[in-house]
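Inspection log for the structure reproduced underneath, given as structure tokens.
Given the structure is predicted, the values throughout are model-derived calculations rather than measurements.
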Amino acid sequence: RQVVPSETAAHWGQGLEVSWVVDNLAAVSAEGVWHERVWLSEDPALTGNRVPLETTSAAAYSPLAPAASYARTVSVVLPGPSAGWADGTYYLVVQADVFDTVAEGEEADNIAAGPAVEITAQAGPAVTSLTPRADGCVVDYVDVAFDAAIDPDSFTPADVGITDPASQAVAVSAVTALSETTFRVRFAAPAAAGHYDITIGPAIADVPGNLMDSDGDGVNGEPGEDAY
């Protein structure tokens, strides 16, 4: 009972805390080691699409005397954007004794749901600056800064396109993280002076997994619009 999420509006990939209370409504003690599971569910009764977020042992509360209760709080992480869940209304549901360890006369009261949680996609990251090497040496790298922490595994040389004044591709050799938000892109030293074009993304993701949203329209990772 009393399932309470820390937020009722959240984004995919976000961390939340969930609190609940377990009561022993039986006339005898609950004994053994049972487990509780937190689900993300389309409905409060666990009849539709759902995914487990956390399963935790309640061994510390056993045995639980008749009419006794205990309260718990755990941290969970919502599925990331790549998991394919649609934006909408969901429920955090707690299921006690999920493995049916405790003999009970009534199993239906082992499930309790919190209030509805509105879950939506978060706008993806965008490039805030691109700074060429400026120490007087040949420019063979640029530093790219984003407005959010980036998943370093999502940013590779394949996410960068550079063309020279003759519209020929310039080889990108490495992408190195300088901080959570800034990366150094190294490439072959220019063979000729002139105007070079560089494209970044859009398949670069922030830590929760949101792809770039350079045009700020709330639709992440659009090939023709979200590259920098």
Side-chain angles (χ1 to χ4, degrees), residues 6-7 9-16 40 51 53 75-88 90 117-228:
S6 58
E7 307 283 347
H11 297 300
W12 299 113
Q14 180 178 334
L16 301 173
L40 177 69
V51 63
L53 301 181
S75 297
V76 300
V77 178
L78 298 175
S82 62
W85 290 74
D87 293 355
Y90 294 88
V117 179
E118 296 296 323
I119 307 177
T120 57
Q122 184 175 10
V127 173
T128 58
S129 67
L130 192 153
T131 306
R133 183 173 185 171
D135 60 0
C137 297
V138 173
V139 177
D140 58 358
Y141 68 75
V142 294
D143 291 340
V144 183
F146 294 85
D147 60 1
I150 298 299
D151 174 4
D153 292 335
S154 74
F155 192 3
T156 71
D159 297 298
V160 183
I162 303 176
T163 55
D164 65 16
S167 298
Q168 297 299 305
V170 175
V172 178
S173 58
V175 175
T176 306
L178 302 181
S179 70
E180 290 184 336
T181 59
T182 304
F183 292 76
R184 179 160 293 173
V185 176
R186 290 191 175 276
F187 46 85
H195 179 82
Y196 286 73
D197 290 314
I198 183 167
T199 301
I200 307 292
I204 298 169
D206 60 15
V207 172
N210 302 292
L211 299 181
M212 289 176 63
D213 184 24
S214 295
D215 60 0
D217 65 356
V219 181
N220 300 336
E222 296 173 292
E225 301 175 36
D226 287 327
Y228 175 83

Open item on the list: Can you see whether W12 engages N210 through a side-chain donor-acceptor pair at a distance of less than 3.5 angstrom?
Closed with: no

Open item on the list: If I compare all heavy atoms of D217 with all of E225, which pair ends up nearest, and what's the gap?
Closed with: OD2-OE1, 3.8 Å

TODO: List the atom of P223, the atom of P202, and the distance in Å for their closest heavy-atom pair.
DONE: CA-CG, 3.9 Å

Open item on the list: Please check: side-chain N/O of S173 versus main-chain N/O of R186, any donor-acceptor pairing under 3.5 Å?
Closed with: yes

Open item on the list: Name the residue from I204, D206, T128 that meets the side-chain contact (heavy atoms from CB on, under 4.5 Å) definition with F146.
Closed with: I204

Task: For V175 against P157, the heavy-atom pair lying closest together - done: CG2-N, 3.7 Å

TODO: State the OG-CG distance between S214 and D147, to the nearest 0.5 angstrom.
DONE: 9.0 Å

Open item on the list: Can you give me the closest heavy-atom contact between S154 and I150, atom names plus distance?
Closed with: OG-CG2, 4.1 Å

TODO: Mind checking the CG-CG spacing from D226 to L211? Nearest 0.5 Å is all I need.
DONE: 8.5 Å

Open item on the list: So for atom CD, which belongs to E118, do other residues, nucleotides or ligands contribute more than 12 heavy atoms lying within a distance under 6.0 Å?
Closed with: yes

TODO: Measure across L78 and I119 and return the closest heavy-atom pair with its distance rounded to 0.1 Å.
DONE: CD1-CD1, 4.0 Å

Open item on the list: Quick one, V77 with Q14, criterion side-chain contact (heavy atoms from CB on, under 4.5 Å). Give me CA distance, side-chain angles, the key distance, then yes/no.
Closed with: CA-CA 6 Å; V77 178; Q14 180 178 334; over 6 Å; no

Task: Residue of the set T176, L178, V185, L130 for which side-chain contact (heavy atoms from CB on, under 4.5 Å) holds with D143 - done: L178

- [ ] Go through the steps for N220 and D213 under the test side-chain contact (heavy atoms from CB on, under 4.5 Å), then give the verdict.
- [x] CA-CA 5 Å; N220 300 336; D213 184 24; 3.2 Å; yes

Open item on the list: Any side-chain to backbone donor/acceptor pair from D87 onto A121? Under 3.5 Å, distance only.
Closed with: yes

Open item on the list: Could you tell me if the side chain of V138 sits less than 4.5 Å from the side chain of P190, heavy atoms only?
Closed with: yes

TODO: May I have the step-by-step check of side-chain contact (heavy atoms from CB on, under 4.5 Å) for D140 and R133, ending in yes or no?
DONE: CA-CA 7 Å; D140 58 358; R133 183 173 185 171; 2.8 Å; yes

Task: Trace of the side-chain contact (heavy atoms from CB on, under 4.5 Å) decision for F187 with V139 - done: CA-CA 9 Å; F187 46 85; V139 177; 4.2 Å; yes

Task: Flag side-chain contact, heavy atom, 4.5 Å: I200 against I198 - done: yes

Task: Nearest heavy atoms of A203 and D159, plus distance in Å - done: O-OD1, 3.9 Å

